[in-house]
Amino acid sequence: MKHTIYAAVLCAMLTFSTRMAQAQVGEPFIHDPSTIAECDGKYYTFGTGEGGLWSTDGWTWHGGAVRPGRGAAPDVLKIGDRYLVAYSATGGGLGGTHRGDVLTMWNKTLDPESPDFQFTEAVVVASSMDDEDCDAIDAGLLLDPTTGRLWLSYGTYFGFIRLVELDPATGRRMEGNVPVNIAIDCEATDLIYRNGWYYLLGTHGTCCDGPNSTYNIVVGRSRQVTGPYVDNIGRQMLQGGGKMVIAANNLKTGPGHFGRFVVEGGVEKMSFHYESDFRQGGRSVLAIRPLLWRDDWPVAGDEFHEGTYEIESVRRGYALEIAVDFVRMQRDIEPFWVKPTKPLGQIGPQTLEEVESTWPKGEVSVRMSDYMFRPHQKWTITPAGKGGYLGGPYYKICIEGTTRCLTATAGHDVVAKPEFTGEDAQLWRIDQLTDGTYRIMPKKVPGTNEPLVLVSLGDSTPVLAPFDFGSDNSKWNFTKN
């Protein structure tokens with residue numbers, strides 16, 4: 001009986017979570033994905049085996065990316081007008097062997113349909129032997145923006161993580177370069193640079209066991225690319241340290257193989273795989289989450305779930321609402337100066353049925369005001385079924401219980417149209433920013449190709465204007481109702 005009850009509860013949880021949670025769609029099945037790269041308007045990521053995934057919008061992914069050489073755990077980096085791909089041909093410590101090679105090769109494009117698509121012959125840049133305390137696997141590439149020098153990290157949980165320098169012009173190992181040990185107790189490393197810090201992202205735990213995999217992503221940082229890399233409490237990664245970035249969550253286990261994608265200032269994404277997505281047959285899947293920064297430490301952002309929200313401007317704390325007349329609540333409430341003469345009980349909030357008949361039938365303007373959990377301030381946000389962007393679907397944003405949907409106008413303001421038509425002006429991307437707040441951006445503003453976002457022009461006036469991460473006017477918060 002207990003097993004039956006548990007199974008029923010789990011089934012209900014899975015059904016509910018499937019309805020609420022968002023994840024990449026199409027064919028997002030991949031293991032050990034490389035950092036996502038953009039090429040000629042498409043996104044690409046490569047995985048263990050041969051090939052990888054591609055996407056036109058960053059939301060719906062397809063098999064068919066081409067990477068010769070098979071092998072394991074590649075990475076890709078654009079340098080100038082070419083793409084450098086690193087991958088491993090190795091045992092990776094499995095089966096008792098540590099023998100392996102990391103190789104690099106170039107291509108002018110990642111699009112296999114392009115006439116310029118042609119990988120160069122792969123060259124070995126790092127190796128390991130059977131008796132070494134390091135495995136030549138899991139390549140991670142960094143082009144240092146401060147010096148122009150190119151670095152490769154590699155290694156597994158079975159030994160040291162090592163760092164070597166490559167020639168950014170050729171992709172070959174710099175002559176005479178000696179590997180530097182920078183971490184232990186992790187694998188699938190990646191290096192990034194930000195605000196004077198070098199960050200080493202490593203994958204801790206066990207892999208390759210589906211829902212039983214314990215992979216999680218940890219980080220240390222250093223002022224020097226060669227280390228020492230230290231976590232938030234001062235432990236060196238050479239001593240097993242590492243601050244948690246993301247672990248199993250939301251019925252998905254084994255996050256690993258971090259990659260960073262900077263969309264623009266204040267908007268960053270992190271890519272990785274989950275070893276097992278319970279909703280997709282326990283398969284290994286590509287995942288994309290917002291990348292946040294707190295006290296100069298990387299943090300996995302939130303999965304945005306459909307639901308009903310207060311949309312709050314960071315500028316003043318006022319809530320987005322449709323501009324309708326304020327309707328007083330009709331309740332049997334004794335004035336505060338009268339001693340209570342009857343038992344105190346709850347009063348119900350104002351309902352849509354009580355006020356909707358007073359609203360205009362057609363298009364209604366939108367404003368901001370104090371939030372009082374009134375029907376004209378509650379927005380239901382759901383995927384629109386009209387494609388997406390890097391890491392998320394386009395959403396429709398409608399007043400709860402109605403078809404009145406937020407719409408961008410040619411006049412660079414926003415209104416609530418009485419029906420959802422699916423036009424680009426009613427499709428909204430919701431990006432969590434690096435400070436944890438959000439930007440709200442229409443797919444297209446009528447009459448212009450300029451990317452505009454929802455902005456608080458004043459305390460009570462929402463408009464569409466260029467995004468400015470340095471201004472609270474461009475930032476919003478969502479509070480679940």
Side-chain angles (χ1 to χ4, degrees), residues 22 36 38 43 57-59 194 260-271 288-294 298-307 309-321 366-368 371 377 379-384 386-398 405-409 412-416 424-446 448-480:
Q22 302 302 322
I36 291 172
E38 188 174 11
Y43 300 98
D57 62 5
W59 175 242
R194 183 182 184 272
R260 179 194 186 200
F261 189 101
V262 178
V263 179
E264 61 180 290
V267 187
E268 299 185 16
K269 307 289 183 178
M270 57 178 284
S271 63
I288 302 171
R289 291 275 284 268
L291 179 59
L292 315 186
W293 291 91
R294 293 177 182 156
V299 177
D302 299 323
E303 288 184 322
F304 191 88
H305 290 191
E306 62 183 89
Y309 294 87
E310 172 202 355
I311 303 177
E312 178 192 88
S313 168
V314 173
R315 171 190 168 100
R316 174 67 183 263
Y318 280 170
L320 198 69
E321 63 180 31
V366 176
R367 67 190 178 202
M368 293 176 293
Y371 185 66
Q377 299 176 311
W379 299 91
T380 295
I381 303 176
T382 54
K386 299 284 185 176
Y389 48 95
L390 187 63
Y394 284 112
Y395 293 94
K396 58 180 179 180
I397 304 176
C398 305
C405 292
L406 191 68
T407 308
T409 76
H412 294 191
D413 59 8
V414 286
V415 299
D424 286 352
Q426 290 185 319
L427 304 180
W428 298 87
R429 62 180 290 169
I430 298 173
D431 288 302
Q432 190 172 27
L433 305 178
T434 54
D435 63 2
T437 61
Y438 291 83
R439 77 171 182 182
I440 305 171
M441 182 177 185
K443 182 177 182 180
K444 189 177 187 305
V445 177
T448 181
N449 290 322
E450 184 181 9
L452 303 177
V453 303
L454 189 64
V455 165
S456 175
L457 179 64
D459 287 346
S460 59
T461 307
V463 298
L464 299 167
F467 175 64
D468 179 5
F469 178 68
S471 170
D472 282 351
N473 290 353
S474 296
K475 300 176 182 180
W476 302 83
N477 286 315
F478 293 86
T479 301
K480 201 76 174 282

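Note that the structure is predicted; figures quoted are calculated from it, not measured.
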Is there a side-chain contact between [X] and [Y], using heavy atoms and a 4.5 Å cut-off?
X: Y371; Y: T479; value: no
X: V445; Y: H412; value: yes
X: Y389; Y: M441; value: no
X: D431; Y: V263; value: no
X: F469; Y: T434; value: yes
X: Y394; Y: P383; value: no
X: V267; Y: F261; value: no
X: M368; Y: D459; value: no

[X] side chain vs [Y] backbone, donor-acceptor pair below 3.5 Å:
X: R289; Y: G301; result: yes
X: W476; Y: L320; result: no
X: T407; Y: C405; result: yes

Quick one: [atom1] on [X] to [atom2] on [Y], what's the gap to the nearest 0.5 Å?
X: L464; Y: T448; atom1: CG; atom2: OG1; value: 10.5 Å
X: R316; Y: N473; atom1: CZ; atom2: CG; value: 12.5 Å
X: K444; Y: N449; atom1: NZ; atom2: CG; value: 4.5 Å
X: E321; Y: S460; atom1: CD; atom2: OG; value: 9.5 Å
X: L427; Y: K396; atom1: CG; atom2: NZ; value: 10.5 Å
X: R194; Y: L291; atom1: CZ; atom2: CG; value: 8.0 Å

Locate the shortest heavy-atom distance separating [X] from [Y]; write the atom from each residue and the value.
X: V455; Y: P466; answer: CG2-O, 4.2 Å
X: D57; Y: Y43; answer: C-CE1, 3.7 Å
X: D413; Y: P462; answer: CB-O, 4.3 Å
X: V299; Y: R294; answer: CG1-NH1, 3.8 Å
X: G265; Y: F467; answer: O-CE2, 3.5 Å
X: G317; Y: E312; answer: O-CG, 3.5 Å

Show your working on side-chain contact (heavy atoms from CB on, under 4.5 Å) between F478 and D302 and close with a plain yes or no.
-> CA-CA 12 Å; F478 293 86; D302 299 323; over 6 Å; no
So, Y309 versus Y438, ring centres under 6.0 angstrom or not?
->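 No - the distance between ring centres of Y309 and Y438 does not fall below the 6.0 Å cut-off.
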Begin from the C-alpha positions of I288 and L390 and carry the test side-chain contact (heavy atoms from CB on, under 4.5 Å) through to its verdict.
-> CA-CA 8 Å; I288 302 171; L390 187 63; 3.8 Å; yes
Can we say D424 and K386 salt-bridge, meaning some charged N sits less than 4.0 Å from an Asp/Glu carboxylate O?
->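 Not counted as a salt bridge, because no side-chain N and carboxylate O are separated by less than 4.0 Å.
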For the pair I397 and I311, evaluate side-chain contact (heavy atoms from CB on, under 4.5 Å) and give the outcome as yes or no after the intermediate values.
-> CA-CA 10 Å; I397 304 176; I311 303 177; 4.0 Å; yes
